[in-house]
Amino acid sequence: MAANAKTIVLGIVVVFALYVIITDPHTAAGYVEMGFEGISAAASAVGDFMTWVARGGGDS
């Protein structure tokens with residue numbers, strides 16, 4: 001039952017994404033850019049944290 005719900009939700013998300021891409025590609029590109037900026041910021045924060053840990057975790 002849960003697998004069916006996941007499949008239905010995934011299908012709805014894919015249809016919505018295709019609808020946005022087809023009807024307004026400029027806005028869709030903005031959403032993709034925003035997503036990649038978020039992923040980049042998160043990766044940068046993880047890198048900063050790992051650098052802090054590697055240096056002993058004290059006050060910088």
Side-chain angles (χ1 to χ4, degrees):
M1 186 68 155
N4 289 338
K6 288 180 183 179
T7 304
I8 291 170
V9 169
L10 180 62
I12 290 170
V13 168
V14 167
V15 168
F16 177 73
L18 289 174
Y19 171 77
V20 171
I21 291 170
I22 292 169
T23 58
D24 195 0
H26 188 338
T27 301
Y31 291 151
V32 171
E33 181 181 2
M34 188 181 345
F36 278 117
E37 286 176 359
I39 291 169
S40 175
S44 178
V46 169
D48 291 345
F49 174 73
M50 291 300 175
T51 300
W52 177 78
V53 169
R55 291 183 178 164
D59 293 335
S60 23

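The basis for the numbers below is simple: all heavy atoms, side chains too, and nothing from hydrogens, waters or symmetry mates.
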Count I, L, V, M, F, W, Y as connected when their side-chain heavy atoms are under 4.5 Å apart, and connections chain through other members. Are [X] and [Y] then in the same cluster?
| X | Y | answer |
| --- | --- | --- |
| Tyr31 | Val13 | no |
| Ile12 | Ile22 | no |
| Val15 | Ile21 | no |
| Trp52 | Met50 | yes |
| Val53 | Val46 | yes |

field: Partners meeting side-chain contact (heavy atoms from CB on, under 4.5 Å) with Tyr19 (sequence neighbours left out)
entry: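 Tyr19: side-chain contact (heavy atoms from CB on, under 4.5 Å) contacts with Thr23.
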task: For the pair Thr7 (side chain) and Ala3 (backbone), establish whether a donor and an acceptor sit closer than 3.5 Å, ignoring hydrogens and angles.
output: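 Indeed, once roles are kept as given, a pair shorter than 3.5 Å links the two residues.
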field: Thr51 side chain vs Gly47 backbone, donor-acceptor pair below 3.5 Å
entry: yes
- line: Asp24 meets the side-chain hydrogen bond (donor to acceptor under 3.5 Å, both in side chains) criterion, sequence neighbours left out, with Thr27
